[in-house]
Participant: 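Dropping the structure in here first, questions after.
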Amino acid sequence: MVASALPHIVVLALGGTIAGSAASATDATGYRAATTGVDDLLARVPDAARLARLTGEQFANMDSSDLTDEVLLALARRVSAIAAEPGVDGVVITHGTDTMEESAYFLNLVLTTSVPVVLTGAMRPATALSADGPMNLHAAVAVAAAASSSRQGVLVVMNDEIHSGRDVTKTSSTRVGAFGSPYGPLGVVVAGRPLYYRSVARPHTTATEFDIAAIDALPRAGIVFAHSGIDESLATVIGAAGWDIIVHAGFGNGTVANRVIAPLEAARAGGAVVVRATRTGSGHVSAAGASGDLVNGWISVDDQSPQRARILACLALTVTRDHDAIQRIFDTY
Ligand code: SIN
């Protein structure tokens with residue numbers, strides 16, 4: 001294909017391990033993330049020029065654990081603007097893997113575009129033997145450039161798998177195959193070609209009620225992680241912090257220890273939205289389950305992880321503070 005006929009893909013770089021470096025080629029853990037720029041990333045994937053015409057843009061160069069909700073909003077605004085530019089056929093975001101799932105879910109809910117948006121990263125720094133970043137970036141460009149990726153929602157491409165931004169989670173601290181989805185990937189990348197086998201049933205991008213253009217700031221929201229022996233003063237302190245949203249990562253079906261119910265209920269009475277998730281890693285959290293949401297006026301998260309529930313709760317509060325309306329949003333997305 002002549003270069004002008006190729007799809008135009010913008011690669012937006014945020015940092016992370018894919019842009020990281022270590023002193024030794026065998027050091028895949030003791031490295032610094034976010035040390036090289038987008039030009040360097042693109043120079044490592046020369047064959048991607050056969051798939052697409054690439055333009056690089058450095059959005060930030062950070063460890064994704066330092067990402068704030070303000071940065072997330074700015075990222076969404078920038079991606080939205082790029083996707084709306086005439087002649088742009090797809091966007092690839094290189095992102096640290098640690099909070100990639102939260103960014104992917106947020107973008108999946110607020111971008112009102114059918115242009116493919118694909119996040120990728122790496123588990124090994126760019127200097128490592130068998131660095132996974134270049135292959136992941138090549139695969140992400142292939143996915144972003146494919147017409148079959150349109151209307152699949154925001155995607156995460158890692159280790160030859162294509163995951164939905166709704167479902168994907170980082171499941172390993174160090175393995176190269178670090179990402180998984182509870183219902184499996186949407187597809188795979190084989191020889192530079194995406195192959196899809198399923199799509200998600202829940203609304204995303206063009207079909208959601210959220211719009212980045214209408215969001216000025218996100219509410220203050222955090223997570224309380226339940227554990228055996230949890231001290232109720234933890235919830236009391238968090239309740240006093242004045243967050244708009246408290247997500248409780250509970251036991252099993254979102255169970256809250258009896259001694260923690262009172263401080264969470266006090267926070268709710270003070271105006272916070274209390275959201276009940278599970279720390280188990282998968283599964284549905286039932287309304288009116290072990291902790292009686294209908295009685296307490298709390299929200300149950302369906303199957304969302306605590307960290308994704310935090311994102312969805314933030315977005316819900318940008319459109320409503322009504323309990324039933326927030327619960328509907330959790331049952332929808
Ligand atoms: C980060 O999330 O920025 C560092 C870790 C990684 O990219 O794997």
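Ligands are counted one by one from 1 in listed order, and the atoms in each one are counted from 1 as well.
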Participant: If you group Ile, Leu, Val, Met, Phe, Trp and Tyr whenever their side-chain heavy atoms sit less than 4.5 Å apart, what else falls in with F251?
Facilitator: none
Participant: Please determine, by modelled atom types, if S24 and T26 share a side-chain donor-acceptor pair under 3.5 angstrom.
Facilitator: yes
Participant: Would you tabulate the polar-atom pairs, meaning N/O of ligand 1 against N/O of the protein, with distances under 3.5 Å, reported to 0.1 Å?
Facilitator:
{"residue": "ligand 1", "atom": "2 (O)", "partner": "S64", "partner atom": "OG", "Å": "2.6"}
{"residue": "ligand 1", "atom": "2 (O)", "partner": "T97", "partner atom": "N", "Å": "3.2"}
{"residue": "ligand 1", "atom": "2 (O)", "partner": "D98", "partner atom": "N", "Å": "3.0"}
{"residue": "ligand 1", "atom": "3 (O)", "partner": "D63", "partner atom": "OD1", "Å": "3.3"}
{"residue": "ligand 1", "atom": "3 (O)", "partner": "S64", "partner atom": "N", "Å": "2.6"}
{"residue": "ligand 1", "atom": "7 (O)", "partner": "T17", "partner atom": "N", "Å": "2.9"}
{"residue": "ligand 1", "atom": "7 (O)", "partner": "T17", "partner atom": "OG1", "Å": "3.0"}
{"residue": "ligand 1", "atom": "7 (O)", "partner": "T97", "partner atom": "N", "Å": "2.9"}
{"residue": "ligand 1", "atom": "8 (O)", "partner": "T17", "partner atom": "OG1", "Å": "3.0"}
{"residue": "ligand 1", "atom": "8 (O)", "partner": "T97", "partner atom": "OG1", "Å": "2.4"}
{"residue": "ligand 1", "atom": "8 (O)", "partner": "A122", "partner atom": "O", "Å": "3.3"}

Participant: Determine the minimum heavy-atom distance between V256 and I261, stating which atoms define it.
Facilitator: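 Looking at all heavy atoms of both residues, the closest pair is CG1-CG1, 3.9 Å.
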Participant: Please tabulate, for the side chains in residues 7-21, all donor-acceptor contacts under 3.5 angstrom to protein atoms that are two or more places apart in sequence or on a different chain.
Facilitator:
{"residue": "H8", "atom": "NE2", "partner": "T55", "partner atom": "OG1", "Å": "2.6"}
{"residue": "T17", "atom": "OG1", "partner": "Y31", "partner atom": "OH", "Å": "2.4"}
{"residue": "S21", "atom": "OG", "partner": "T35", "partner atom": "OG1", "Å": "2.8"}

Participant: Going by the side-chain hydrogen bond (donor to acceptor under 3.5 Å, both in side chains) test, which pairs reach into residues 114-128, not counting sequence neighbours?
Facilitator: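 Listed once each, the pairs would be none.
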Participant: Ignoring hydrogens and geometry beyond distance, is a side-chain donor-acceptor pair present between T320 and D322 at under 3.5 Å?
Facilitator: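 Looking only at side-chain atoms, D322 and T320 do not form any donor-acceptor pair under 3.5 Å.
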